[in-house]
Every structure is written in C-alpha cells, then in structure tokens.
A.B. asks: 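The structure that follows is given in the form of structure tokens.
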Amino acid sequence: MSSANISFVQSLYAAFGRGDITTIINGLAPDVDWGVNGRRKDYPLFGNWKSAGEVQKFFQGVAEHEESTDFSPREFFAADDRVCVLGHYAWKIRKTGRKVASDWVHVFTVRNGKVVKFREFNDTAQFAEAYRG
C-alpha cells in the first residue's frame with residue numbers, strides 16, 4: 001500500500017505542476033482536513049481548510065498571492081496510510097514582489113485512494129515578512 005500511496009501523491013504533484021487543480025481536488029476526500037502551519041493573520045494561505053471545496057479556495061489563493069519560481073518535491077517516505085515528502089520551493093509574493101524560498105515537509109494521510117488529511121510545514125517567518133513587505 002505504501003508504494004501505491006507514494007505513486008498517488010506523486011500524481012498530485014504532477015497535476016500541480018501542470019496547473020491541473022481539478023485532479024488534485026478529485027483526489028481529496030469530501031471532508032479533507034487540509035492545513036498549512038502558521039496563522040492566517042500572518043499570511044492568507046496559512047491555517048486550515050476543512051473540505052474539498054475549501055481546498056479549492058486555497059488553490060485559488062495560491063494563484064492570487066504567489067508566483068512559483070521553483071517547486072521541487074525531492075524525497076518520498078511512506079508508512080501505513082501516511083506519505084511524507086521533503087521538498088523545496090521558491091515563490092514571488094504578488095502583493096509585494098518579494099521572494100521567498102524554503103524547504104518544506106508535506107504529510108499526506110491517504111485512505112481508500114483519497115487524501116483525508118494534509119499538513120505543510122515551511123519557513124513561515126519568510127512568508128509573513130514577504131507578505132508584509
């Protein structure tokens with residue numbers, strides 16, 4: 001099951017890379033628990049989203065607030081229903097034009113072929129500072 005879950009998560013990253021957010025949303029459980037570590041008052045994409053519809057809004061926010069200059073999932077690890085991914089990304093924050101680059105960790109919980117939980121951990125201070133300008 002672990003290798004199948006890794007392949008599934010890799011397919012979601014591939015969809016993100018081609019701008020295919022519909023495929024990502026279709027890969028989520030309807031009541032997915034999606035979260036990015038940090039306080040929303042510090043950056044609009046931090047916090048939790050509690051449904052596939054809310055995650056759609058999250059990705060609309062990504063398009064609104066960020067321009068990707070690098071998005072690189074690098075290492076994949078799986079155990080039971082969890083897939084952990086280590087990676088790096090760089091963004092230009094549209095509001096201020098400032099750049100952010102951070103290593104990150106994504107943790108997916110996959111059940112019955114759907115993401116039921118997602119957590120992202122990154123350098124939240126960089127995002128908050130870049131957003132404030």
Side-chain angles (χ1 to χ4, degrees):
M1 192 63 179
S2 293
S3 63
N5 286 345
I6 286 176
S7 293
F8 171 60
V9 168
Q10 288 172 328
S11 77
L12 298 178
Y13 285 119
F16 181 75
R18 16 176 230 279
D20 181 4
I21 303 307
T22 300
T23 293
I24 297 170
I25 299 305
N26 289 338
L28 306 178
D31 61 346
V32 65
D33 179 6
W34 186 278
V36 178
N37 192 49
R39 301 177 306 184
R40 193 157 301 163
K41 72 179 189 172
D42 294 327
Y43 191 69
L45 300 177
F46 293 165
N48 292 313
W49 289 264
K50 297 291 186 179
S51 70
E54 286 194 8
V55 176
Q56 177 76 41
K57 291 177 187 173
F58 166 82
F59 281 107
Q60 289 168 347
V62 170
E64 176 184 340
H65 296 289
E66 302 172 343
E67 178 183 329
S68 177
T69 58
D70 176 37
F71 189 88
S72 303
R74 295 183 174 162
E75 296 180 64
F76 294 80
F77 306 92
D80 301 321
D81 63 356
R82 290 218 171 89
V83 177
C84 298
V85 185
L86 306 178
H88 182 84
Y89 50 37
W91 303 93
K92 182 171 124 184
I93 305 303
R94 294 185 192 279
K95 174 183 170 189
T96 62
R98 295 188 67 184
K99 295 180 181 177
V100 173
S102 177
D103 289 333
W104 49 257
V105 176
H106 290 168
V107 182
F108 295 83
T109 304
V110 179
R111 291 194 189 111
N112 301 317
K114 298 283 187 179
V115 175
V116 297
K117 186 174 182 180
F118 169 84
R119 289 294 180 269
E120 177 179 330
F121 302 90
N122 61 46
D123 184 347
T124 57
Q126 275 195 65
F127 280 90
E129 289 171 14
Y131 188 70
R132 281 193 304 266

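All values derive from a computational prediction rather than experimental measurement.
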A.B. asks: Can you confirm whether more than 12 heavy atoms, excluding those of R18, are under 6.0 Å from its CZ atom?
C.D. replies: yes

A.B. asks: If you compare all heavy atoms of A52 against all heavy atoms of V32, which two are closest, and at what distance to 0.1 Å?
C.D. replies: N-CG1, 3.7 Å

A.B. asks: How would you list, by chain and number, every residue that makes a side-chain contact (heavy atoms from CB on, under 4.5 Å) with R94, sequence neighbours excluded?
C.D. replies: E67

A.B. asks: Below 4.0 angstrom, N of the basic side chain to O of the carboxylate: do D33 and K50 qualify?
C.D. replies: yes

A.B. asks: Linking I/L/V/M/F/W/Y whenever their side-chain heavy atoms sit closer than 4.5 Å, directly or via other members, would V62 and V9 fall into one cluster?
C.D. replies: yes

A.B. asks: Would a hydrophobic clustering, with Ile, Leu, Val, Met, Phe, Trp and Tyr connected at side-chain separations under 4.5 Å, put V116 with Y13?
C.D. replies: no

A.B. asks: If you take all heavy atoms of R98 and G133, which pair is closest and at what distance?
C.D. replies: NH1-C, 3.3 Å

A.B. asks: Taking atom CG of D31 and atom CD of E54, what is their separation to the nearest 0.5 Å?
C.D. replies: 11.5 Å

A.B. asks: Over all heavy atoms of both residues, which pair between L28 and W34 is shortest? Give the atoms and the distance, please.
C.D. replies: CD2-CZ3, 3.8 Å

A.B. asks: What do you reckon, is NZ of K57 surrounded by more than 12 foreign heavy atoms closer than 6.0 Å?
C.D. replies: no

A.B. asks: Please examine the side chains of L12 and F8, heavy atoms only from C-beta on, and report whether any two atoms are closer than 4.5 Å.
C.D. replies: yes

A.B. asks: Nearest 0.5 Å, please: how far is CG in D70 from NE2 in H88?
C.D. replies: 5.0 Å

A.B. asks: Can you tell me how the ring of W104 sits relative to the ring of H106, calling it parallel under 30°, perpendicular over 60° and tilted otherwise?
C.D. replies: parallel

A.B. asks: Parallel, tilted or perpendicular: which describes the rings of Y89 and F127, with under 30° parallel and over 60° perpendicular?
C.D. replies: perpendicular

A.B. asks: Tell me the closest heavy-atom pair linking V100 and A130, and the distance in Å.
C.D. replies: CG2-CB, 3.4 Å

A.B. asks: Let me see the working for T22 and F59 under side-chain contact (heavy atoms from CB on, under 4.5 Å), right down to the final yes or no.
C.D. replies: CA-CA 10 Å; T22 300; F59 281 107; over 6 Å; no

A.B. asks: Do I24 and L45 belong to the same hydrophobic cluster, where Ile, Leu, Val, Met, Phe, Trp and Tyr are linked whenever their side-chain heavy atoms lie under 4.5 Å apart, directly or via other members?
C.D. replies: yes

A.B. asks: Does a side-chain heavy-atom distance below 4.5 Å link V36 with Y43?
C.D. replies: no

A.B. asks: Looking at P73 and V85, what are the two nearest heavy atoms and their distance?
C.D. replies: CB-CG1, 3.9 Å

A.B. asks: Does the side-chain contact (heavy atoms from CB on, under 4.5 Å) test come out yes or no for D103 and L86, once each step is laid out?
C.D. replies: CA-CA 7 Å; D103 289 333; L86 306 178; over 6 Å; no

A.B. asks: Could you state the interatomic distance from CD1 (I21) to CG (N26), rounded to the nearest 0.5 Å?
C.D. replies: 11.5 Å

A.B. asks: Residues two or more places apart in sequence or in another chain: which of them pass ring-ring contact (aromatic ring centres under 6.0 Å, His included) with W49?
C.D. replies: F58

A.B. asks: Measure up the F71 and W91 rings against each other and bin them: parallel (under 30°), tilted (30 to 60°), perpendicular (over 60°).
C.D. replies: perpendicular

A.B. asks: Given T109, which partner from the list R119, R82, K114 fulfils the side chain to side chain donor-acceptor pair (under 3.5 Å) test?
C.D. replies: R82

A.B. asks: Are F121 and F76 grouped together when hydrophobic residues (ILVMFWY) are joined by side-chain heavy atoms under 4.5 angstrom apart?
C.D. replies: no

A.B. asks: With a 4.5 Å limit on heavy-atom distance, are the side chains of F77 and V83 in contact?
C.D. replies: no

A.B. asks: Can you list the steps and then say if V55 with F118 is a side-chain contact (heavy atoms from CB on, under 4.5 Å)?
C.D. replies: CA-CA 10 Å; V55 176; F118 169 84; over 6 Å; no

A.B. asks: Please give me the minimum heavy-atom distance between E120 and N122, naming the atom from each residue.
C.D. replies: OE2-ND2, 2.9 Å

A.B. asks: After noting the C-alpha distance and the side-chain angles of T124 and D42, does the key distance pass the side-chain contact (heavy atoms from CB on, under 4.5 Å) rule?
C.D. replies: CA-CA 9 Å; T124 57; D42 294 327; over 6 Å; no

